[in-house]
Asks: 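I have a structure here, written as structure tokens, and I will follow up with some questions on it.
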Amino acid sequence: MNYRKILVEAGMRLYNTKLVAGTSGNISLRGEDEDSFYITPSGMDYGKIEEKDIVKVHADGTPYAEEQVPSSEWQMHLEVYKNYPKYSAVVHTHSTFATAFAVAREEIPLISIEMEPFIGGELKVAPFERAGSIELAKAIIPYLEKSNSCLLANHGVICCGENMEKAFLSAEYVEDLAKIYYYSRGIGKVYTIND
């Protein structure tokens with residue numbers, strides 16, 4: 001498997017679908033062994049990232065190549081891989097509508113038939129912690145047990161999957177569901193599936 005190629009292509013798709021702006025967000029893949037994972041570099045434009053720029057990181061957070069700098073959120077990705085063997089890909093976005101709910105610290109209830117099969121249920125909001133911190137990395141873990149995605153208070157979204165395609169699909173659904181929830185609330189009463 002060409003991990004670097006997958007991440008470069010997914011990064012371009014992330015930018016082109018407007019799930020991120022500028023250099024925000026980051027994506028990763030679990031490596032070929034328990035000691036490694038691959039992640040997008042820190043502060044680099046998705047349109048300029050090449051395969052050589054993708055950072056391979058040891059499980060202790062140090063890059064295999066000393067001169068490379070992984071995304072500042074590498075700890076969040078690492079904690080997911082350490083705690084959930086079922087996940088081999090992580091997509092972290094700052095998509096507009098979903099992040100708006102994260103800023104309002106408001107979860108998105110079970111409003112659509114897509115939520116259960118593609119996300120695992122309702123979208124909860126993990127508590128606010130400083131970006132790039134180990135506290136944030138640990139805070140998200142309980143929220144990813146039932147659902148493969150959650151909102152990060154005042155920050156964005158994290159979506160996980162058994163491969164990049166599934167993690168990315170979840171990220172797309174999260175943003176779409178956030179839009180649907182936002183607009184449906186403007187129309188009138190929102191009925192959840194549980195109702």
Side-chain angles (χ1 to χ4, degrees), residues 9-22 24-30 46 73 76-77 79-131 133 135-195:
E9 291 175 351
M12 279 302 299
R13 190 172 157 205
L14 199 68
Y15 185 76
N16 290 334
T17 53
K18 302 195 183 324
L19 292 176
V20 294
S24 67
N26 33 74
I27 49 179
S28 72
L29 283 168
R30 186 189 294 275
Y46 288 99
E73 298 289 5
M76 189 164 66
H77 295 253
E79 283 300 309
V80 169
Y81 296 137
K82 280 167 55 179
N83 285 275
Y84 293 108
K86 63 182 177 177
Y87 297 139
S88 291
V90 175
V91 174
H92 168 47
T93 78
H94 293 184
S95 56
T96 308
F97 281 81
T99 301
F101 281 103
V103 168
R105 301 189 184 184
E106 188 173 332
E107 68 181 47
I108 300 175
L110 199 62
I111 56 165
S112 167
I113 57 170
E114 282 90 6
M115 291 185 81
E116 201 66 55
F118 292 106
I119 293 170
E122 59 193 0
L123 281 160
K124 301 283 191 182
V125 184
F128 179 77
E129 296 291 351
R130 186 174 50 82
S133 68
E135 290 79 15
L136 174 61
K138 291 184 178 300
I140 66 170
I141 295 306
Y143 296 87
L144 297 172
E145 186 170 359
K146 181 178 183 293
S147 173
N148 63 26
S149 306
C150 74
L151 307 179
L152 312 176
N154 296 86
H155 187 154
V157 183
I158 186 164
C159 302
C160 309
E162 63 185 67
N163 54 47
M164 181 54 68
E165 195 58 40
K166 291 190 175 179
F168 201 102
L169 186 62
S170 294
E172 290 181 302
Y173 270 114
V174 166
E175 180 63 0
D176 192 51
L177 289 159
K179 287 179 189 175
I180 291 167
Y181 189 42
Y182 174 83
Y183 287 123
S184 63
R185 295 198 323 179
I187 293 168
K189 177 176 170 56
V190 175
Y191 292 88
T192 68
I193 290 175
N194 291 338
D195 295 334

Asks: What distance separates Asn148 CG from Cys159 SG, expressed to the nearest 0.5 Å?
Replies: 6.5 Å
Asks: Does Leu14 form a side chain to side chain contact (heavy atoms under 4.5 Å, CB included) with Phe168? I'd like the steps, not just the answer.
Replies: CA-CA 8 Å; Leu14 199 68; Phe168 201 102; 3.8 Å; yes
Asks: Roughly how far, to the nearest 0.5 Å, is OG1 of Thr99 from CD of Glu175?
Replies: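 Here the interatomic distance stands at 7.0 Å.
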Asks: For Gly161 versus Ala167, what's the shortest heavy-atom pair and its separation?
Replies: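 For Gly161 versus Ala167, the nearest heavy atoms are N-CB, 3.6 Å.
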Asks: Working to the nearest 0.5 Å, report the span between CZ of Phe128 and CG of Asn154.
Replies: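 Those atoms lie 6.0 Å apart.
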Asks: So do the side chains of Tyr84 and Ile141 get within less than 4.5 Å of each other, counting heavy atoms only?
Replies: yes
Asks: Say you draw a straight line from CD1 of Ile193 to CG of Leu110; how long is it, rounded to the nearest 0.5 Å?
Replies: 4.5 Å
Asks: At their closest point, which heavy atom of Ala98 faces which heavy atom of Val174, and how far apart are they?
Replies: CB-CG1, 3.8 Å
Asks: Testing the basics here: between Gly25 and Val20, what is the closest heavy-atom pair and its distance to 0.1 Å?
Replies: CA-CG1, 4.0 Å
Asks: Below 4.5 Å, heavy atoms only, C-beta onward: do Ile108 and Met115 meet side chain to side chain?
Replies: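 Sidechains of Met115 and Ile108: in contact.
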Asks: Hey, does Ile140 have a side-chain heavy atom less than 4.5 Å from the side chain of Met76?
Replies: yes
Asks: Do the side chains of His155 and Leu136 get nearer than 4.5 Å, heavy atoms only?
Replies: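 Heavy-atom side-chain distance check passes, below 4.5 Å.
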Asks: State which residues pass ring pair (Phe, Tyr, Trp, His ring centres under 6.0 Å) with Phe118; sequence neighbours excluded, sorted by chain then number.
Replies: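 Listed in chain order: Tyr173.
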Asks: Would a distance-only check, ignoring hydrogens and angles, find a side-chain to backbone donor-acceptor pair under 3.5 Å from Ser147 to Leu123?
Replies: no
Asks: Identify whether NZ of Lys or CZ of Arg in Arg185 sits under 6.0 Å from the centre of the six-membered ring of Tyr182 and within 45° of that ring's axis.
Replies: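 Negative - Arg185 is either too far from the ring of Tyr182 or too far off its axis.
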Asks: Kindly check if the number of other-residue, nucleotide or ligand heavy atoms within 6.0 Å of CD (Glu114) is above 12?
Replies: yes
Asks: With side chain to side chain contact (heavy atoms under 4.5 Å, CB included) as the test, would you mind laying out the steps for Ile158 and Val80 before giving the verdict?
Replies: CA-CA 10 Å; Ile158 186 164; Val80 169; 4.1 Å; yes
Asks: Could you tell me whether Glu145 atom CD has more than 12 heavy atoms of other residues or ligands within 6.0 Å of it?
Replies: no
Asks: Please check if the number of heavy atoms outside Lys86 that lie under 6.0 Å from its NZ is greater than 12.
Replies: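 Counting neighbours around NZ of Lys86, more than 12 heavy atoms of other residues, nucleotides or ligands fall under 6.0 Å, so yes.
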Asks: Please round to the nearest 0.5 Å and tell me the distance separating atom CE of Met164 and atom OG of Ser28.
Replies: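 Between Met164 CE and Ser28 OG, I get 6.5 Å after rounding to 0.5 Å.
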Asks: Between Glu172 and Arg13 (salt bridge meaning N to carboxylate O under 4.0 Å), is one present in this structure?
Replies: yes
Asks: Is the shortest side-chain heavy-atom distance between Val91 and Leu19 below 4.5 Å?
Replies: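 Not in contact.
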Asks: At what distance, to the nearest 0.5 angstrom, does OG of Ser24 lie from NE2 of His94?
Replies: 5.0 Å
Asks: Output yes when Glu162 and Arg30 qualify as a salt bridge under the 4.0 Å nitrogen-oxygen rule, no when they do not.
Replies: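 The answer is no: the pair does not qualify as a salt bridge.
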Asks: Over all heavy atoms of both residues, which pair between Ala153 and Pro127 is shortest? Give the atoms and the distance, please.
Replies: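 Of all heavy-atom pairs spanning Ala153 and Pro127, the closest is CB-C, 4.0 Å.
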Asks: Are Tyr181 and Pro109 side-chain neighbours, meaning at least one heavy-atom pair lies under 4.5 Å?
Replies: yes
Asks: Looking at side-chain heavy atoms only, is the closest gap between His92 and Leu152 below 4.5 Å?
Replies: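 Yes, side chains in contact.
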Asks: Using a 3.5 Å distance criterion without hydrogens, assess whether the side chain of Glu79 forms a donor-acceptor pair with backbone atoms of Lys138.
Replies: no
Asks: Give me the atom names and distance for the closest heavy-atom approach of Cys150 to Ala126.
Replies: SG-CB, 4.2 Å
Asks: Looking only at non-hydrogen atoms, find the nearest pair between Leu151 and Phe101 and report the distance.
Replies: CD1-CB, 4.0 Å
Asks: Within the 4.5 Å heavy-atom criterion, are Tyr81 and Val90 side-chain neighbours or not?
Replies: yes
Asks: Any chance OH of Tyr15 has more than 12 other-residue heavy atoms, nucleotides or ligands included, within less than 6.0 Å?
Replies: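 No, the 6.0 Å shell around OH holds no more than 12 heavy atoms from other groups.
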Asks: Which residues pass the side chain to side chain donor-acceptor pair (under 3.5 Å) test with Glu129, sequence neighbours left out?
Replies: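 Glu129: no side chain to side chain donor-acceptor pair (under 3.5 Å) contacts found.
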